[in-house]
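Beneath this line is the structure, given in structure tokens, with notes to follow.
Computed from heavy atoms alone, side chains included, the values below leave out hydrogens, waters and symmetry copies.
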Amino acid sequence: MDVSAGDLNAPHSMGTTIIGVTYDGGVVLGADSRTSTGMYVANRASDKITKLTDNVYMCRSGSAADSQIVSDYVRYFLHQHTIQLGQPSTVKVAANLVRLLSYNNKNMLQTGLIIGGWDKYEGGKIYGIPLGGTILEQPFAIGGSGSSYLYGFFDQAWKEGMTQEEAEQLVVKAVSLAIARDGASGGVVRTVTINSEGVTRKFYPGDKLSLWHEELEPQNSLLDILSTGSPEPMVS
């Protein structure tokens, strides 16, 4: 296979699946962990869910550098804001600050973001901020290259008044579905649950995720793959 210098030197991009879901009492954020540079996987276990404050987190997609610099600026400004007010920032304030940076620099940034968190005034909130800096408050938001495979699934699977467990299971199932179909999504699944009790992070290894139609079982070597027969569909 020809090694293209263009691929090796390409910007790090998070062709990604990111998800934010509200439930009765809080929010669940989820993401895969594959970061690519051109056609190569630069990092298979990156963390795309970034802490902005103790009660607000951001899911990042698109250019890794662009999303990281936005999160760094927002984290700094929110720290100042918290000191001045003497209390944590609300989710809406954090989301509007992200929106302001994204919109004012829309000609230079290539990143889509999801902001999720919980505050004592409005409870759990999810805001989608796609490429260009629009802000959308939504009961659930999906982004990244894997999202195109999930819109119909979420229309059918999401419902109001879900429990925390149901919301976490929905997010993990959705990310694993996107990983199965989207070549730019992969690795592990990370989730962050935010509610009045605080923040809980969970980690789901790639070899523990559900297998979908025609997916191969995890193998230890190429010889193991060659020795197996045709993959069989998963039996539900």
Side-chain angles (χ1 to χ4, degrees), residues 16-32 48-61 74 87-99 102 112-182 185 188-204 209-210 212 234 236:
T16 294
T17 302
I18 54 174
I19 297 172
V21 171
T22 57
Y23 70 90
D24 188 16
V27 301
V28 179
L29 303 176
D32 74 310
K48 302 177 184 178
I49 309 177
T50 300
K51 178 180 177 180
L52 298 180
T53 69
D54 289 340
N55 61 313
V56 183
Y57 280 67
M58 169 196 288
C59 292
R60 303 178 293 116
S61 70
V74 171
Q87 63 180 19
S89 165
T90 64
V91 186
K92 181 180 289 186
V93 166
N96 271 292
L97 186 50
V98 175
R99 185 270 310 167
S102 297
L113 306 163
I114 295 173
I115 311 301
W118 182 94
D119 62 66
K120 63 183 180 181
Y121 300 104
E122 295 186 290
K125 290 290 181 180
I126 294 288
Y127 294 89
I129 304 176
L131 194 67
T134 301
I135 187 169
L136 300 166
E137 181 185 340
Q138 299 170 295
F140 65 85
I142 50 180
S145 56
S147 64
S148 58
Y149 301 93
L150 296 177
Y151 284 101
F153 170 73
F154 263 94
D155 287 340
Q156 184 271 329
W158 186 85
K159 61 184 179 182
E160 290 188 22
M162 285 189 297
T163 65
Q164 177 179 327
E165 183 179 0
E166 288 175 331
E168 289 177 349
Q169 289 176 351
L170 173 61
V171 168
V172 174
K173 183 177 183 180
V175 176
S176 67
L177 277 167
I179 287 174
R181 294 294 182 187
D182 177 34
S185 299
V188 304
V189 177
R190 302 179 192 272
T191 64
V192 173
T193 302
I194 312 168
N195 53 37
S196 60
E197 298 177 358
V199 177
T200 305
R201 273 188 172 270
K202 293 185 179 178
F203 174 87
Y204 301 85
L209 299 177
S210 299
W212 304 101
M234 188 185 79
S236 58

side-chain contact (heavy atoms from CB on, under 4.5 Å) filter on Pro139, not counting sequence neighbours, yields Thr22, Trp158
Residues at least two apart in sequence or cross-chain that pass salt bridge (Lys or Arg N to Asp or Glu O under 4.0 Å) with Glu137, listed by chain then number, are Lys125
Salt bridge (charged side-chain N to carboxylate O under 4.0 Å, His left out) pairs touching residues 144-155, sequence neighbours excluded, are none
Applied to residues 138-147, the salt bridge (charged side-chain N to carboxylate O under 4.0 Å, His left out) test, sequence neighbours excluded, yields none
Sorted by chain and number, sequence neighbours left out, ring pair (Phe, Tyr, Trp, His ring centres under 6.0 Å) with Tyr204 holds for none
Would Met162 and Val21 satisfy side chain to side chain contact (heavy atoms under 4.5 Å, CB included), going step by step from the backbone distance to the final call? CA-CA 10 Å; Met162 285 189 297; Val21 171; 3.6 Å; yes
inquiry  = Tell me if a side-chain donor or acceptor on Asn55 pairs with a main-chain N or O of Ser89 at a distance below 3.5 Å.
reply    = yes
Below 3.5 Å, can you tabulate the donor-acceptor pairs from side chains in residues 188-197 to any protein atom, sequence neighbours excluded?
from   : atom 1 : to     : atom 2 : distance (Å)
Arg190 : NE     : Ser46  : O      : 3.3
Arg190 : NH2    : Ala45  : O      : 2.8
Thr193 : OG1    : Glu168 : OE2    : 2.7
Asn195 : OD1    : Glu197 : N      : 2.9
Asn195 : OD1    : Gly198 : N      : 3.4
Asn195 : ND2    : Tyr23  : OH     : 3.0
Asn195 : ND2    : Gln164 : OE1    : 3.3

Heavy atoms of Ala167 and Val28 approach each other most closely as CB-CG2, 3.8 Å
| message | Determine whether Tyr149 and Ile179 satisfy the following criterion, side chain to side chain contact (heavy atoms under 4.5 Å, CB included), listing intermediate values before the conclusion. | response | CA-CA 10 Å; Tyr149 301 93; Ile179 287 174; over 6 Å; no
With sequence neighbours left out, the residues meeting side-chain contact (heavy atoms from CB on, under 4.5 Å) with Asn96 are Lys92, Arg99, Ile135
So OG of Ser147 and CD1 of Ile18: to nearest 0.5 Å the spacing works out to 8.0 Å
The side-chain contact (heavy atoms from CB on, under 4.5 Å) partners of Thr163 (sequence neighbours excluded) come to Glu165, Glu166
d(Ser61 OG, Ile19 CD1) to nearest 0.5 Å is 11.5 Å
Nearest heavy-atom approach of Ala178 to Ser185 is O-CB, 4.4 Å
What donor-acceptor contacts under 3.5 angstrom involve side-chain atoms of residues 117-124, with partners at least two apart or in another chain?
from   : atom 1 : to     : atom 2 : distance (Å)
Asp119 : OD1    : Tyr121 : N      : 2.9
Asp119 : OD1    : Glu122 : N      : 2.8
Asp119 : OD2    : Val91  : N      : 3.0
Tyr121 : OH     : Gln87  : NE2    : 3.1

With sequence neighbours left out, the residues meeting salt bridge (Lys or Arg N to Asp or Glu O under 4.0 Å) with Asp54 are Lys51
One pair to check against side-chain hydrogen bond (donor to acceptor under 3.5 Å, both in side chains): Thr17 and Asp32. What are the steps and the verdict? CA-CA 6 Å; Thr17 302; Asp32 74 310; 4.8 Å; no
Distance col, row Lys159:NZ vs Phe140:CZ, nearest 0.5 angstrom, shows 14.0 Å
So CG of Leu52 and CG of Leu97: to nearest 0.5 Å the spacing works out to 9.0 Å
Kindly indicate, with the supporting measurements, whether the criterion side chain to side chain contact (heavy atoms under 4.5 Å, CB included) is fulfilled by Arg181 and Trp212.
CA-CA 9 Å; Arg181 294 294 182 187; Trp212 304 101; over 6 Å; no
For Ala141, the side-chain contact (heavy atoms from CB on, under 4.5 Å) test, sequence neighbours excluded, returns Ile114, Ile126, Gln138
Residues at least two apart in sequence or cross-chain that pass salt bridge (Lys or Arg N to Asp or Glu O under 4.0 Å) with Arg201, listed by chain then number, are Asp47
Inset, instruction - Could you please spell out the steps behind the side chain to side chain contact (heavy atoms under 4.5 Å, CB included) verdict for Arg60 and Leu113? - result: CA-CA 5 Å; Arg60 303 178 293 116; Leu113 306 163; 4.1 Å; yes
